[in-house]
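What follows is one structure encoded as structure tokens, with my remarks underneath.
We number each residue from 1, following the sequence as shown. When a ligand or atom number is given, it counts from 1 through the structure's own listing order.
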Amino acid sequence: MRTVFRDDHEQLRESARRFMEREVAPFHADWEKAGIVPKSVWRKAGEEGLLNTMLPEPYGGGGDFGHSAVILEETTRVGASGLGFSLHSDIVCPYLYRYGTEAQRDRWLPAMARGERIGAIAMTEPGTGSDLKSVRTTARLEGDHYVVNGQKTFITNGMNADLVIVVVKTAPEKGGRGISLLVVEEGMAGFSRGRKLEKIGLLAQDTAELFFEDVRVPVENLLGEENAGFGYLMHELAQERLIIALRAATSIETMLERTLQYTRERKAFGQPIADYQNTRFKLAEAKAEATMMRVFVDHCLELHLKRELTPEMAAMAKLTSSEMQGRLLDAFLQMHGGYGYMSEYGIGRAWIDARVMRIYGGTSEIMKEIIARTM
Ligand SMILES: Cc1cc2nc3c(=O)[nH]c(=O)nc-3n(C[C@H](O)[C@H](O)[C@H](O)COP(=O)(O)OP(=O)(O)OC[C@H]3O[C@@H](n4cnc5c(N)ncnc54)[C@H](O)[C@@H]3O)c2cc1C
């Protein structure tokens with residue numbers, strides 16, 4: 001029994017589940033072929049109150065991170081790996097809310113809660129990902145504008161985004177202490193998108209390259225203090241890592257359930273695959289591990305709701321859950337035999353979609369660095 005959620009969370013889970021089953025699951029395979037989720041789905045989610053749930057009204061649904069968690073769990077249950085809702089609602093919008101002025105909040109957030117504007121965050125560059133302090137995109141102050149030059153890559157929601165929080169160097173000589181966050185908006189001259197990147201998984205997700213060539217960004221689009229961006233990023237990354245852990249734990253449970261069903265139905269040598277001791281023991285081990293992971297991730301969620309989740313706990317949750325997911329989904333796929341390798345069986349898609357969980361939001365190696373530093 002999970003104890004972390006209240007009744008209002010569970011009510012939202014019900015509407016999120018209905019939305020996912022009605023508006024997302026039947027179309028996701030088509031979006032995978034198209035490589036993008038249509039913007040109309042974002043507006044529908046906005047109408048249903050499924051965006052920005054953790055932010056106060058009128059910037060969002062007036063809830064807390066528990067509301068975000070139930071939505072992302074329901075998204076994961078239907079295998080909708082292409083929906084960039086969580087990145088928008090639980091990563092990008094919280095930056096705008098926490099570090100934005102009242103004028104900035106009013107300008108951007110209500111439209112984002114309605115799904116009329118889509119957000120992205122651009123840290124990674126072709127030359128640097130893990131080593132965030134080494135970003136090379138610059139923003140030079142000229143009067144009341146910053147002039148931005150540089151390039152970003154692997155940006156989730158990159159094609160659909162109307163607004164991108166861009167990590168820039170405002171004082172390159174100061175390294176990590178010279179980083180700022182600037183909001184670049186659709187239509188600014190010199191801001192362009194490159195290719196929609198072809199990935200091995202997350203096929204419906206519009207991951208893109210972004211280019212900035214002498215983009216004049218008004219000073220009103222600076223988020224928080226100049227040169228304080230690195231601290232903001234470090235603070236917010238804990239929530240991003242918890243999101244990944246919640247998704248990994250849910251994916252393990254969902255795929256365990258499917259594998260149980262499949263192996264009960266499929267027969268070999270005259271008996272269900274599920275009756276072989278090898279299958280029973282593997283599934284029993286998986287159940288024990290999935291339960292242990294759920295208890296730990298829920299504990300992290302509880303801490304986060306009390307604002308007590310530390311960066312190292314978030315790193316532990318991301319590291320252990322994504323590594324466990326990779327290992328267990330591989331075992332589940334094996335139990336499906338050849339059907340596991342076919343795209344139309346959910347396990348194959350989930351297995352390949354899971355691979356990135358050990359890479360983005362900080363790689364497993366970087367998570368180990370963060371944990372090791374505190375020992
Ligand atoms: C599908 C997808 C979506 C993404 N979405 C976004 C997004 O929306 N916004 C965004 O900004 N970025 C995004 N990313 C980028 C992602 O966060 C980076 O890919 C990730 O942080 C790793 O950076 P890198 O690719 O440059 O790898 P590198 O930093 O080059 O690392 C390569 C390898 O070296 C290892 N390594 C690096 N440093 C160390 C060290 N100190 N000790 C030991 N090993 C080390 C890494 O762990 C890794 O195994 C996305 C990536 C993908 C694949």
Side-chain angles (χ1 to χ4, degrees), residues 31-32 35-37 80-96 118-137 148 150-169 176 179-184 193-212 223 229-230 232-234 236-241 243-244 247-248 311 314-315 318-319 322-323 325-326 349-373:
W31 302 339
E32 288 183 340
I36 194 162
V37 174
S81 59
L83 273 191
F85 289 178
S86 181
L87 181 106
H88 167 98
S89 299
D90 310 320
I91 298 173
V92 175
C93 290
Y95 274 99
L96 300 176
I118 298 172
I121 181 159
M123 308 178 212
T124 308
E125 300 183 353
T128 191
S130 305
D131 183 9
L132 205 48
K133 286 184 183 166
S134 300
V135 293
R136 291 173 63 182
T137 299
V148 179
Q151 184 182 342
K152 298 286 177 182
T153 193
F154 304 152
I155 306 308
T156 302
N157 294 346
M159 300 308 275
N160 267 338
D162 304 283
L163 178 159
V164 185
I165 300 175
V166 185
V167 177
V168 293
K169 282 265 172 72
I179 288 178
S180 302
L181 307 183
L182 273 187
V183 177
V184 173
R193 295 155 218 260
R195 293 174 300 143
K196 177 152 57 62
L197 299 168
E198 289 192 14
K199 307 184 292 302
I200 59 170
L202 304 188
L203 298 179
Q205 174 52 237
D206 54 312
T207 314
E209 294 175 307
L210 307 178
F211 298 97
F212 308 91
L223 211 51
F230 192 72
Y232 303 153
L233 292 167
M234 290 305 108
E236 299 303 312
L237 277 167
Q239 179 161 301
E240 183 169 346
R241 289 169 186 156
I243 289 170
I244 294 174
R247 284 177 38 210
K318 192 213 175 237
L319 172 69
S322 61
E323 293 284 339
Q325 183 193 20
R349 181 108 326 279
W351 172 75
I352 209 154
D353 286 343
R355 187 61 186 88
V356 77
M357 305 274 272
R358 290 180 264 164
I359 297 171
Y360 65 11
T363 63
S364 288
E365 292 71 29
I366 296 302
M367 295 307 98
K368 290 177 198 175
E369 275 295 332
I370 293 170
I371 301 160
R373 254 181 248 150

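- Judged by distance alone, with hydrogens and angles left aside, the side-chain atoms of R193 form a donor-acceptor pair with the main-chain N or O of A161 at under 3.5 Å.
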Problem set entry | Verdict with supporting geometry, Q205 and T156, side chain to side chain donor-acceptor pair (under 3.5 Å) | CA-CA 7 Å; Q205 174 52 237; T156 302; 4.7 Å; no
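- Of the protein's non-hydrogen atoms, I359 O, 3.6 Å is the one closest to atom 20 (C) of ligand 1.
- The shortest N or O to N or O distance between E365 and ligand 1 is below 3.5 Å.
- In this structure, the side chain of E240 does not engage the main chain of I91 through any donor-acceptor pair within 3.5 Å.
- Side-chain atoms of R195 do not come within 3.5 Å of backbone N or O of E209 as any donor-acceptor pair.
- Using a distance-only test at 3.5 Å, with no hydrogens or angles considered, a donor-acceptor pair links the side chain of D353 to the main chain of L202.
- At a heavy-atom cutoff of 4.0 Å, ligand 1 is contacted by no atom of V167, backbone or side chain.
- Protein heavy atom nearest atom 38 (N) of ligand 1, with residue, atom name and distance: I366 CD1, 3.8 Å.
- Heavy-atom separations between G361 and ligand 1 include at least one value shorter than 4.0 Å.
- Between F154 and ligand 1, an N or O atom pair is found at a separation short of 3.5 Å.
- The N/O atoms of I121, backbone and side chain alike, include one that comes under 3.5 Å of an N/O atom in ligand 1.
- Counting only residues at least two apart or in different chains, side chain to side chain donor-acceptor pair (under 3.5 Å) contacts with residues 85-94 comprise S68-D90, S86-D90.
- Residue contacts with ligand 1: D131 is placed with no nitrogen or oxygen under 3.5 Å of a nitrogen or oxygen of the ligand (distance criterion only).
- Heavy-atom proximity to atom 37 (C) of ligand 1, evaluated over S81, S130, A161, is greatest for S130.
- Closest to atom 18 (C) of ligand 1, if we only count protein heavy atoms, is T124 OG1, 4.1 Å.
- Ligand 1 has a nitrogen or oxygen under 3.5 angstrom from a nitrogen or oxygen of G129.
- No N or O atom of E369 sits closer than 3.5 Å to an N or O atom of ligand 1.
- Considering only residues two or more places apart in sequence or on other chains, F154 meets the ring pair (Phe, Tyr, Trp, His ring centres under 6.0 Å) condition with none of them.
- The main-chain N or O of R136 is found under 3.5 Å from a side-chain atom of E125 such that the two form a donor-acceptor pair.
- Checking atom 29 (O) of ligand 1 against the protein gives a heavy-atom contact under 4.0 Å.
- Close contacts between ligand 1 and M123 involve ligand atoms 10 (C), 11 (O) [criterion: under 4.0 Å to a heavy atom].
- For atom 35 (C) of ligand 1, no protein heavy-atom neighbour is present inside the 4.0 Å cut-off.
- At a distance under 4.0 Å, a protein heavy atom can be found next to atom 3 (C) of ligand 1.
- Only side-chain heavy atoms of T363 come within less than 4.0 Å of ligand 1; its backbone N, CA, C and O stay farther off.
- By the 4.5 Å heavy-atom criterion applied to side chains, V183 and L96 are counted as neighbours.
- For the pair K133 (side chain) and F230 (backbone), a donor-acceptor distance under 3.5 Å is absent.
- Using a distance-only test at 3.5 Å, with no hydrogens or angles considered, a donor-acceptor pair links the side chain of D206 to the main chain of N160.
- With hydrogens and angles disregarded, a donor-acceptor distance shorter than 3.5 Å links the side chain of K318 to the backbone of M357.
- Polar contact check, V356 against ligand 1: no nitrogen or oxygen pair lies under 3.5 Å apart.
- Distances from atom 32 (C) of ligand 1 to the protein include no heavy-atom value under 4.0 Å.
- Comparing heavy-atom distances from atom 8 (O) of ligand 1 across V92, T156, I200 singles out T156 as nearest.
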